[in-house]
Peer 1: 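Below: one structure in structure tokens.
We number each residue from 1, following the sequence as shown.
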Amino acid sequence: MIQLTTATAIENAITKARTVKPRVRVNCFGSYTVTNKQTGATYSVECLKRDGKRFASCTCRAGELRKACYHVAAAVAAHIQLATEQAAH
Ligand SMILES: [Zn+2]
């Protein structure tokens with residue numbers, strides 16, 4: 001699990017996500033499949049909130065080492081958008 005603190009902490013991952021532009025598929029709220037369109041590599045990202053803190057996990061190598069990867073950054077962007085849409089209803 002990677003704790004998501006501030007946007008600055010995952011800034012590098014966000015920058016990479018903007019460059020790679022992976023495809024994010026929503027499985028359900030909090031569960032995403034991120035695909036690198038260039039390599040076809042697919043990883044599962046989970047986002048959850050516990051004790052008011054946001055966490056994410058990714059099945060890629062960096063994610064297993066608890067490093068914020070661009071898969072997490074891409075999924076978190078989709079997650080926040082989804083949460084915002086849900087809150088608006
Ligand atoms: Zn990853």
Peer 1: Suppose we screen for side-chain contact (heavy atoms from CB on, under 4.5 Å). Which residues come up paired with Asn27, at least two apart in sequence or across chains?
Peer 2: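 Once residues adjacent in sequence are excluded, the partners of Asn27 under the side-chain contact (heavy atoms from CB on, under 4.5 Å) criterion are Arg25, Ser31, Thr33.
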Peer 1: Provide the full list of ring pair (Phe, Tyr, Trp, His ring centres under 6.0 Å) pairs with a residue in residues 28-65, sequence neighbours left out, each pair given once.
Peer 2: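 Checked against ring pair (Phe, Tyr, Trp, His ring centres under 6.0 Å) - neighbours excluded - the pairs reaching residues 28-65 are Phe29-His79, Tyr32-His79, Tyr43-His71.
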Peer 1: Keeping the roles fixed (side chain from Asn36, backbone from Gln38), state whether a donor-acceptor pair exists under 3.5 Å.
Peer 2: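 It does hold such a pair.
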Peer 1: Over all heavy atoms of both residues, which pair between Ala13 and Ala68 is shortest? Give the atoms and the distance, please.
Peer 2: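 The pair with the smallest heavy-atom distance is CB-O, 3.7 Å.
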Peer 1: For Thr35 and Lys37, indicate whether the former's side chain and the latter's backbone hold a donor-acceptor pair under 3.5 Å.
Peer 2: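 Side chain of Thr35 to backbone of Lys37, a donor-acceptor pair under 3.5 Å: no, none is there.
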Peer 1: Should Tyr70 and Ile14 be counted in the same cluster of Ile, Leu, Val, Met, Phe, Trp and Tyr side chains packed under 4.5 Å apart?
Peer 2: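 Tyr70 and Ile14: separate clusters.
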Peer 1: Are any of the side-chain heavy atoms of Ile10 and Leu4 separated by less than 4.5 Å?
Peer 2: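 Result yes, sub-4.5 Å side-chain heavy-atom pair found.
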Peer 1: Give the cluster check for Val76 versus Val34: same hydrophobic cluster or not, with ILVMFWY residues linked at side-chain heavy-atom distances below 4.5 Å.
Peer 2: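 Yes, same cluster.
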Peer 1: Between Ile2 and Ser57, is any pair of side-chain heavy atoms under 4.5 Å apart?
Peer 2: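 SC-SC contact between Ile2 and Ser57 ruled out.
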Peer 1: Give the table of side-chain donor-acceptor pairs shorter than 3.5 Å for residues 15-22, with sequence neighbours excluded, one pair per line with atom names and distance.
Peer 2:
| residue | atom | partner | partner atom | Å |
| --- | --- | --- | --- | --- |
| Thr15 | OG1 | Glu11 | O | 2.9 |
| Thr19 | OG1 | Thr15 | O | 3.0 |
| Lys21 | NZ | Arg18 | O | 3.3 |

Peer 1: Show the numbers, then the answer: is there a side-chain contact (heavy atoms from CB on, under 4.5 Å) between Arg54 and Gln3?
Peer 2: CA-CA 6 Å; Arg54 289 180 185 281; Gln3 190 186 339; over 6 Å; no
Peer 1: Is Ile80 reachable from Val26 through a run of I, L, V, M, F, W or Y residues, each pair having side-chain heavy atoms under 4.5 Å apart?
Peer 2: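 Linked, Val26 and Ile80 end up in one cluster.
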Peer 1: Quick check for you: to the nearest 0.5 Å, what is the distance between Cys58 atom SG and Leu65 atom CG?
Peer 2: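 Going from SG on Cys58 over to CG on Leu65, the span is 11.0 Å.
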Peer 1: Do Met1 and Arg66 make a side-chain contact, defined as non-hydrogen atoms from C-beta onward lying under 4.5 Å apart?
Peer 2: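 A side-chain contact is absent here, since even the closest heavy-atom pair is not under 4.5 Å.
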